[in-house]
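Model, not experiment: these values are computed from the prediction. Every chain is numbered from 1, with letters handed out A, B, ... down the list of sequences.
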Amino acid sequence: MIEIPSKYDPATTEDKWYAYWMQHKLFKSVPDNREPFTIVIPPPNVTGVLHMGHMLNNTIQDLLVRRARMQGKNALWVPGTDHASIATEAKVVQKLRAEGIKKSDLSREAFLEHAWEWTNKHGGIILEQLKKLGASCDWDRTRFTMDEKYYESVIDSFIDLFQKGKIYRGERMINWDPAAQTALSDEEVIHKDVASKLYFVKYKIKDSDEFVIIATTRPETILGDTAICVNPKDDRYKHLHGKTVIVPLVNREVPVIADDYVEMEFGTGCLKVTPAHDMNDFMLGEKHKLKVINMMNDNGTISEAGELYIGMDRFDVRKKIVEDLSAAGHLSKTEEHLNKVGFSERSDAVVEPRLSLQWFVDMKDLSKPALEHVMNDDIRFFPPKFKNSYRNWMENIKDWCISRQLWWGHRIPAWYGPDGAFAVAKTKEEAIAIFKKDNKGFRDEQIVQDPDVLDTWFSSWLWPISVFDGFYTKEEVDYYYPTNDLVTAPEIMFFWVARMIVAGYEYRNELPFRNVYYTGIVRDKQGRKMSKSLGNSPDPIELMKIYGADGVRVGMLLSSPAGNDLLFDESLCEQGRNFANKIWNAFRLVKSWEEKIDTSIAQPDSSKIAIEWMNSKFNSVLTDLNDDYDKFRISEALMSTYKLVWDDFCAWYLEMVKPPFGSGIDKTTYEETVKIFENILKVLHPFMPFISEEIWHFVREREAGTGSICIATWPSVAKIDQQILNQFNDFSEIVIGVRNIRKENNIPNKEKLLLQVKRTTNTDTLFDAAISHLCNLNSIEFVSEKPANSFSFMIKSDEFFIPFTANVDVAAEKSKLEEELKYTEGFLKAVEGKLSNERFVNNAPVQVLDVERKKLADAVSKIKILEEKLSSLN
RNA sequence: GGGAGCUUAGCUCAGCUGGUUCAGAGCAUCUGCCUUACAAGCAGAGGGUCACAGGUUCGAACCCUGUAGCUCCCACCA
């Protein structure tokens with residue numbers, strides 16, 4: 001026999017099998033006549049590295065696609081990466097800064113060269129890491145959102161939507177990130193509670209000695225005030241309507257307007273209006289035709305229009321202006337105040353609401369089918385509770401600001417003439433042609449392309465279509481689209497999921513995926529989000545080195561129901577590793593029998609029944625397993641599999657068929673055991689691809705490539721013999737009963753025992769052989785009367801006895817029986833009470849009544865037996 | 001401010017149609033074992049006012065109402 005170590009070593013197997021899978025192109029998919037099963041990866045940032053969230057997310061995708069592959073579907077998992085416009089650009093800017101290069105010193109072309117260099121250097125690292133966890137992607141199809149074809153599809157969709165009137169250019173209030181110096185969409189703004197101050201500022205009323213006091217959290221915006229506003233119903237200020245006030249420090253004269261937008265209860269009930277720097281003030285400004293003073297530069301410093309503090313940073317000005325207001329006697333008081341401040345998701349800079357000329361997608365009509373098909377479950381969400389927030393968002397959807405003042409990304413295909421006119425077209429030539437039609441004969445050098453790029457999500461919303469070149473070729477996209485499952489985080493439901501659904505209906509008139517599985521957030525043991533700055537995020541690659549990829553996969557999936565956060569603890573991986581080792585040792589045992597096959601040995605009855613039972617058990621678990629998969633109950637599917645292997649197969653089955661020390665094994669039992677083991681390996685494979693493949697090749701010779709477990713057939717549910725399953729339950733209780741007697745009385749396992757049985761039920765006698773085998777019995781004797789002086793226990797109404805051995809504590813035995821008697825009497829009383837309740841008897845269904853009556857009868861007979869036993873002990 | 005969800009063993013969570021299998025699982029803990037696959041193991045054991053208070057029902061962890069605590073999402077009170 002070849003020497004097999006007692007500890008499973010993942011390091012020696014994982015790379016070997018991954019290379020094997022790649023070599024035999026087992027993850028490759030081309031359209032054929034099979035049913036397709038498609039998953040597109042949520043593309044990680046091109047320069048990202050694998051973190052625990054990826055580990056969880058991609059393990060689930062791999063699990064789903066591996067099972068589908070085994071089910072004979074044409075399974076395809078498309079990998080790829082996202083250019084992540086703002087995030088990547090920020091990294092490149094940072095890297096250049098470290099080298100002493102400022103972005104503003106570079107030409108667009110030179111900067112993009114650096115960006116591509118960075119992308120090529122770091123891009124794809126994460127894809128290599130995914131291979132370590134066993135991801136069964138079709139790597140030949142790896143896509144990048146800035147691939148040539150993909151780029152083109154993004155541009156074409158922009159042009160298409162523009163031509164349909166769904167994209168427009170307009171001056172709107174947008175969220176401005178002064179650090180990255182770009183516009184942001186509403187979704188890219190994170191609102192956080194910030195302890196700040198509420199400043200009460202005195203504004204002098206013109207031609208009067210009176211002052212009006214206004215509360216503000218942002219005193220620096222005084223520089224942009226063009227009105228003050230009160231509620232028309234507010235008696236305190238009625239006399240001010242139509243008056244003029246003087247803005248402190250800048251001494252600008254501005255009107256007092258009245259609008260019921262103003263809350264009378266907040267602050268002083270008087271609001272200063274800065275239309276250029278606040279969403280609501282902008283709204284008020286439009287309504288009341290106010291002047292707009294844009295007092296801030298792109299980088300958050302004060303502009304010329306601000307008149308004072310020009311060039312100073314907005315936060316420095318806030319401090320300074322408070323001092324100056326105070327010195328000038330304009331500050332009445334200061335209060336502590338908790339308010340919500342918007343931060344940029346990427347740069348964490350405080351976002352400035354700002355009036356700006358940007359490109360928008362009109363979402364009103366586009367969102368309609370996307371809402372409808374989620375609400376009616378054409379697209380199913382797991383867990384379904386997310387439908388609520390989805391609906392909430394969709395019903396209140398706002399137009400989507402898609403232009404970004406960045407260089408890294410898909411450049412907006414709009415061209416401007418010298419007079420400000422623009423044309424949307426793929427190329428400059430086409431733009432010139434469009435201008436010409438409008439009787440604008442611009443020359444080539446007069447026309448410039450829009451310098452801005454598109455929001456990253458404006459490209460990734462096409463992902464399920466564009467990875468198949470769906471904008472240009474029909475064949476592939478028609479076959480693979482719609483995809484089946486999308487596995488992603490709820491955090492990007494609005495950024496990405498919702499918009500993919502929108503794009504799906506807009507461009508394919510069909511859903512992009514049938515099921516969306518939302519994973520939770522991976523947190524540490526204390527429930528904190530894992531982050532680089534906290535240093536509480538383990539490196540998945542390191543974990544896999546310690547526990548094996550299979551171990552970490554199992555660890556991640558053990559406790560992660562859909563939509564629930566995962567409180568990660570390394571002990572979960574340890575459990576995964578231990579499980580792998582358990583499987584490994586089961587394999588070692590079975591393997592050791594290969595050389596012990598003895599054709600002269602007849603198959604023992606205990607093995608016969610073990611095989612019958614194990615097959616039924618397997619099929620019963622398989623039924624549950626399939627159901628769990630269908631409902632995306634991943635951790636439950638894993639737990640069923642775990643118990644199938646550990647409890648049913650290892651603890652019971654293998655013990656039942658294990659030949660006595662030194663004996664051989666009959667051929668049938670060996671062969672059946674291998675078959676069962678193979679089935680178990682198959683259901684293990686999606687969870688633990690490496691160890692299952694390793695053992696798969698050890699238990700039987702396989703053809704190279706086609707013999708891989710990756711493409712072995714997922715077992716179909718066969719016969720489940722419910723009677724055997726029930727009988728097994730009794731059987732296992734008998735075995736446990738005997739073990740308990742041994743243990744409690746210190747009877748060594750080696751000592752053979754006599755088991756006497758007083759039986760009223762019919763049990764397959766094959767199980768008796770198994771009892772003998774497992775309990776190390778001399779024999780089983782059937783008795784009609786209870787023998788004296790014996791240990792005993794009961795299973796249902798059957799009684800089991802083992803004659804007293806030398807040193808027996810009769811008193812202890814007696815008190816045990818008394819305790820059981822007491823319990824049973826109490827139980828009887830409860831059941832009697834139930835059955836004597838007329839209303840229960842009249843209302844409860846027959847089945848429930850029958851059960852209660854049976855309980856009653858069983859309890860009565862059990863009490864009788866216990867009483868008899870007690871008296872016999874005297 | 002609006003919406004959603006959660007509260008079951010020390011921890012993480014199941015409990016799907018109110019009733020058989022309803023109080024469960026895994027881990028952890030405790031006890032005993034280096035038994036001829038596995039100490040990364042084996043054999044056992046303990047552990048609960050199902051957040052709280054009412055209600056509906058013959059019957060509630062489950063349905064209803066209220067209370068408390070926690071979480072998430074959305075939203076422009078300066």
Detail all sub-3.5 Å separations between protein N/O atoms and N/O atoms belonging to nucleotides 9-16 of chain B.
from	atom 1	to	atom 2	distance (Å)
B:rU12	O2'	A:Ser559	OG	2.3
B:rG15	OP1	A:Arg633	NH2	3.3

Pairs under 3.5 Å (N/O, protein and nucleotides 29-33 of chain B):
none

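Within the structure, salt bridge (Lys or Arg N to Asp or Glu O under 4.0 Å) pairs that include any residue of residues 387-396 of chain A comprise A:Asp377-A:Lys387 (at least two apart or interchain). Under the ring pair (Phe, Tyr, Trp, His ring centres under 6.0 Å) criterion, the residue pairs touching residues 261-285 of chain A are A:Phe266-A:His337, with sequence neighbours excluded. Under the salt bridge (Lys or Arg N to Asp or Glu O under 4.0 Å) criterion, the residue pairs touching residues 265-282 of chain A are A:Asp225-A:Lys272, with sequence neighbours excluded.
Under the side chain to side chain contact (heavy atoms under 4.5 Å, CB included) criterion, A:Leu558 pairs with A:Val554, A:Leu572, A:Gln575, A:Leu638, A:Met639, not counting sequence neighbours. Taking the side chain to side chain contact (heavy atoms under 4.5 Å, CB included) definition, one finds that A:Asp627 meets it with A:Lys631, sequence neighbours left out.
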Checklist entry - Once each nucleotide of nucleotides 20-28 of chain B is scored for protein heavy atoms under 4.0 Å, what B/S/- sequence comes out, 5' to 3'? => result B----SSS-
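Within residues 545-556 of chain A, no residue is approached by RNA chain B to less than 4.0 Å at the level of any non-hydrogen atom. A heavy atom lying under 4.0 Å from RNA chain B marks none of the residues of residues 226-234 of chain A. Proximity of residues 272-282 of chain A to RNA chain B (heavy atom under 4.0 angstrom from any strand atom) is restricted to A:Asn280.
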Checklist entry - Can you give the dot-bracket line for RNA chain B, using ( ) for pairs inside the strand, [ ] for pairs that cross earlier ones, | for pairs with another strand and . for unpaired bases, where Watson-Crick and G-U count if both distances are under 3.5 Å? => result (((((((..((((.....[....)))).(((((.......))))).....(((((..]....))))))))))))....
